[in-house]
Amino acid sequence: MDDCCQQTPLFTFGVIADIQYADIDDGFNYSKTRKRYYRSSLELLRNARESWSESAVKPQFILQLGDIIDGFNKEHNASQQALDSVLRELSSSPVEVHHVWGNHEFYNFSRSVLLRSKLNSTLHVDRSFTGAQAGGEIYAYHFSPFPGFRFVVLDAYDVSLLGREESSEQYATALKLIKLYNSNEDLNCPPVRWSLEQRFTKFNGGFSKDQLDWLDSVLSSADEKGEKVTIVSHLPVHPDSTDPICLAWNHDELLDIIRSHFSVVCFMAGHDHDGGYTRDKQTGVHHLTLEGVIETPPCSNAFGTVSVYEDRMVLKGKGRITDRVFLFP
C-alpha cells in the first residue's frame, strides 16, 4: 500500500453514502435500535466536501451512493427544501457529482419527478463524460473518466413498489413478486424465513430484465476494449457484503452477469449503514458497502477518497470508513 500511495494516481474520486439529511431532531431507525443524526449529516457532508476541495490531488468526480435526504422530509413538506440544502453544499465545489437513487429518494419524489430533477446526473454532467443510458424510465448509465476505465450506475429500484403509481403495471409486477416471499401486512417488515429471503421488503427493489440485458451489453463491450469496470448501486448484490435484509431482490441474477464477464473489478453500494466488504471467490471482484453518514456521530465522519492506479484502487477512508486496497483481478 505504501508503494502505490507514493505513485501518482491516474485519477481519484470521492465516495459517500446515505446522508439522509433532514432538518429535524435526532431519532432512530425503523426498528428503534440505531440512532440517526439528521441535522448533523449536513455538517458531515460539509466535512467531506472541504476535505476533497483541500486535497492536493482533487477528485475528478464524486459518487453519491443514494439516500441523499431522509423520508421524514416528505411528512414535513420539506423534501425540496432539504434537497436544495444538500445540493447547495455539494455545488459549492466544482467537482462533478454522480447521484445514485435509493429508497429515500422515492419516499420524497416520484420516479417521473426524479427523472426531471438535479438528481438525474445524465441531465447535468458533462455530455462528453457520460456514456449511453439504459433507456425508458430506467435510471442507469455509464461513463469513462479515464481511458481504460468505466463506471456503470445502476437503478436498483427499477423493479419496486417505490416511485411507481399503484395503478401501474410495474407496481403490480413488483407487488406480485414481493408477496411470494413476504406475507406481512406491513411490507417494510421482513419475512421470517431463510435469511436471504429477508431482502423481500418494500424498502428494497431489483433490476428489470431490460436493465440486466443492457448491463450485459455494456460489460461485453468493456470486455472487448479491455476496460476495468466499477459498478455502483444503492443496493448491495453480494450476500457476504451486507446484512441480508439490505440485498437487492434479484441480486443473484446480477451476480451471474458480473461473473460472466472479466471486465468488472469492483461493485460499490450503500443502504446498509454498517457497511461491509467481501471479495468474490469466483471472480476476485471487490464488493464494498459504504457506511452511512446518517448513523455517524457528529464527532466522526463517513466518506472516502479512492485513488486509481493501473493495477489497483486505494480507498482512503475518514472516520468510520476503513482504508482498503482493491487489487484488480
So Leu177 and Phe200, do their side chains get closer than 4.5 Å, heavy atoms only?
yes
Do Gln211 side-chain atoms and Asp155 backbone N/O form a donor-acceptor pair below 3.5 Å?
yes
Pairwise distance CG(Leu288) to SG(Cys266) - rounded to 0.5 angstrom:
6.0 Å
Taking atom types as modelled, is there a side-chain donor on Asn120 or Thr122 under 3.5 Å from an acceptor on the other?
yes
Side-chain donor/acceptor of Lys32 to backbone N/O of Asn29, under 3.5 Å:
no
Distance-only, no hydrogens or angles: does the Asn108 side chain make a donor-acceptor pair with backbone N or O of Asp70 under 3.5 Å?
yes
Rounded distance (nearest 0.5 Å) linking atom OG of Ser41 with atom CG of Asp67:
11.5 Å
Nearest-0.5 Å distance, CD of residue Gln198 to CD1 of residue Ile245
5.5 Å
Under 3.5 Å side-chain donor-acceptor pair for His261 and Asp216
yes
Are the side chain of Asn250 and the backbone N or O of Phe207 linked by a donor-acceptor pair below 3.5 Å?
yes
Sequence neighbours left out, what passes salt bridge (charged side-chain N to carboxylate O under 4.0 Å, His left out) with Glu295? Give chain and number order.
Arg34, Arg36
ILVMFWY network linking Val86 to Val113, side-chain heavy atoms under 4.5 angstrom:
yes
Phe267 versus Ser233: any side-chain heavy-atom pair under 4.5 Å?
yes
Mind checking whether Phe72 and Ile69 sit in one hydrophobic cluster, side chains of I, L, V, M, F, W, Y counted as touching below 4.5 Å?
no
Please lay out, stage by stage, how Phe146 and Val308 fare under the test side-chain contact (heavy atoms from CB on, under 4.5 Å).
CA-CA 10 Å; Phe146 190 90; Val308 182; over 6 Å; no
Backbone N/O of Glu137 and side chain of Arg111: donor-acceptor pair under 3.5 Å
yes
Quick check on Glu165: does its CD atom have over 12 non-hydrogen neighbours (other residues, nucleotides or ligands) under 6.0 Å away?
no
Sub-3.5 Å donor-acceptor pair from the side chain of Ser51 to the main-chain atoms of Ala48, do we have one?
no
Has Lys228 got its NZ or CZ under 6.0 Å from the middle of the six-membered ring of Phe149, at an angle within 45 degrees of the ring axis?
yes
Taking the side chain as C-beta and beyond, is there a heavy-atom pair between Leu219 and Val229 under 4.5 Å?
yes
Under a 4.5 Å cut-off applied to non-hydrogen side-chain atoms, are Lys35 and Tyr37 in contact?
yes
Between Leu114 and Leu235, is there a shared hydrophobic cluster once you connect ILVMFWY residues whose side-chain heavy atoms come closer than 4.5 Å?
yes
Nearest 0.5 Å, please: how far is CZ in Phe303 from CD1 in Ile62?
9.5 Å
Salt-bridge test for Arg39 and Asp26: reply yes if a basic N is under 4.0 Å from a carboxylate O, no otherwise.
no
Full working for side-chain contact (heavy atoms from CB on, under 4.5 Å) between Leu154 and Trp214:
CA-CA 10 Å; Leu154 293 183; Trp214 171 83; 4.0 Å; yes
What's the separation between atom CG in Asp213 and atom CG in Leu215, rounded to the nearest 0.5 Å?
9.5 Å
Please give me the minimum heavy-atom distance between Ile178 and Thr201, naming the atom from each residue.
CD1-C, 3.4 Å
Please determine, by modelled atom types, if His234 and Tyr157 share a side-chain donor-acceptor pair under 3.5 angstrom.
no
Between Tyr141 and Tyr139, is the ring centre distance below 6.0 Å?
yes
List the steps, then state whether ring-ring contact (aromatic ring centres under 6.0 Å, His included) holds for Phe143 with Phe61.
CA-CA 11 Å; Phe143 64 95; Phe61 59 92; 5.3 Å; yes
Trp101 versus Phe106, closest heavy-atom pair with distance:
CE3-CZ, 3.7 Å
Backbone N/O of Leu196 and side chain of Arg199: donor-acceptor pair under 3.5 Å:
yes
Can you check side-chain hydrogen bond (donor to acceptor under 3.5 Å, both in side chains) on Ser300 and Arg320, steps first, answer last?
CA-CA 7 Å; Ser300 186; Arg320 297 174 66 206; over 6 Å; no
Flag side-chain contact, heavy atom, 4.5 Å: Cys189 against Asp186
yes
Do the side chains of Leu65 and Val232 get nearer than 4.5 Å, heavy atoms only?
yes
When the ring centroid of Phe151 is compared with that of Phe13, is the distance short of 6.0 Å?
yes
What do the steps show when you test Val285 against Val265 for side-chain contact (heavy atoms from CB on, under 4.5 Å), and what is the final call?
CA-CA 5 Å; Val285 172; Val265 297; over 6 Å; no
Run Leu247 and Asp272 through side-chain contact (heavy atoms from CB on, under 4.5 Å) and show every step you take.
CA-CA 9 Å; Leu247 279 169; Asp272 184 342; over 6 Å; no
Tightest non-hydrogen contact, residues Arg164 and Asp158, listed as NH2-O, 2.9 Å
Would you say NZ of Lys318 has more than 12 non-hydrogen atoms from neighbouring residues, nucleotides or ligands within 6.0 angstrom?
no
Tested for side chain to side chain donor-acceptor pair (under 3.5 Å) against His238, the lone hit among Asp280, Thr278, Asp252, Thr289 is Asp280
For Gly206 and Trp249, which heavy atoms make the closest approach, and how far apart are they?
N-CE3, 4.2 Å
Hydrogens and angles aside, do Thr283 and Arg259 bring a side-chain donor and acceptor to less than 3.5 Å of each other?
no
Identify the two heavy atoms, one from Pro59 and one from Gly14, that lie closest to each other, and give their separation to 0.1 Å.
CB-N, 3.9 Å
Taking the side chain as C-beta and beyond, is there a heavy-atom pair between Ile16 and Trp52 under 4.5 Å?
yes
Can a donor-acceptor pair be found between the side chains of Gln20 and His273 at a distance below 3.5 Å?
yes
Answer yes if Val100 and Val95 sit in the same cluster of Ile, Leu, Val, Met, Phe, Trp and Tyr residues linked by side chain heavy atoms under 4.5 Å apart, and no otherwise.
yes
Which pair of heavy atoms, one from Leu212 and one from Glu253, lies closest together, and at what distance?
CD1-CB, 4.0 Å
Is it true that atom CD of Gln81 has more than 12 heavy atoms of other residues, nucleotides or ligands lying nearer than 6.0 Å?
no
Backbone N or O of Gly71 within a donor-acceptor pair of the His104 side chain at under 3.5 Å?
yes
His287 versus Asp240, side-chain donor and acceptor atoms under 3.5 Å
no
Keeping Tyr21 on the side-chain end and Leu45 on the backbone end, is there a donor-acceptor pair under 3.5 Å?
no
Mark yes or no for whether Ser91, through its side chain, and Leu87, through its backbone, hold a donor-acceptor pair below 3.5 Å.
yes
Is any side-chain heavy atom of Asn103 less than 4.5 Å from a side-chain heavy atom of Asn204?
no
Output for pair (Ile68 CD1, Gln64 CD), nearest 0.5 Å, gives 4.0 Å
Hydrophobic cluster membership, with links at side-chain heavy-atom distances under 4.5 Å among I/L/V/M/F/W/Y: are Phe262 and Leu254 in one?
no
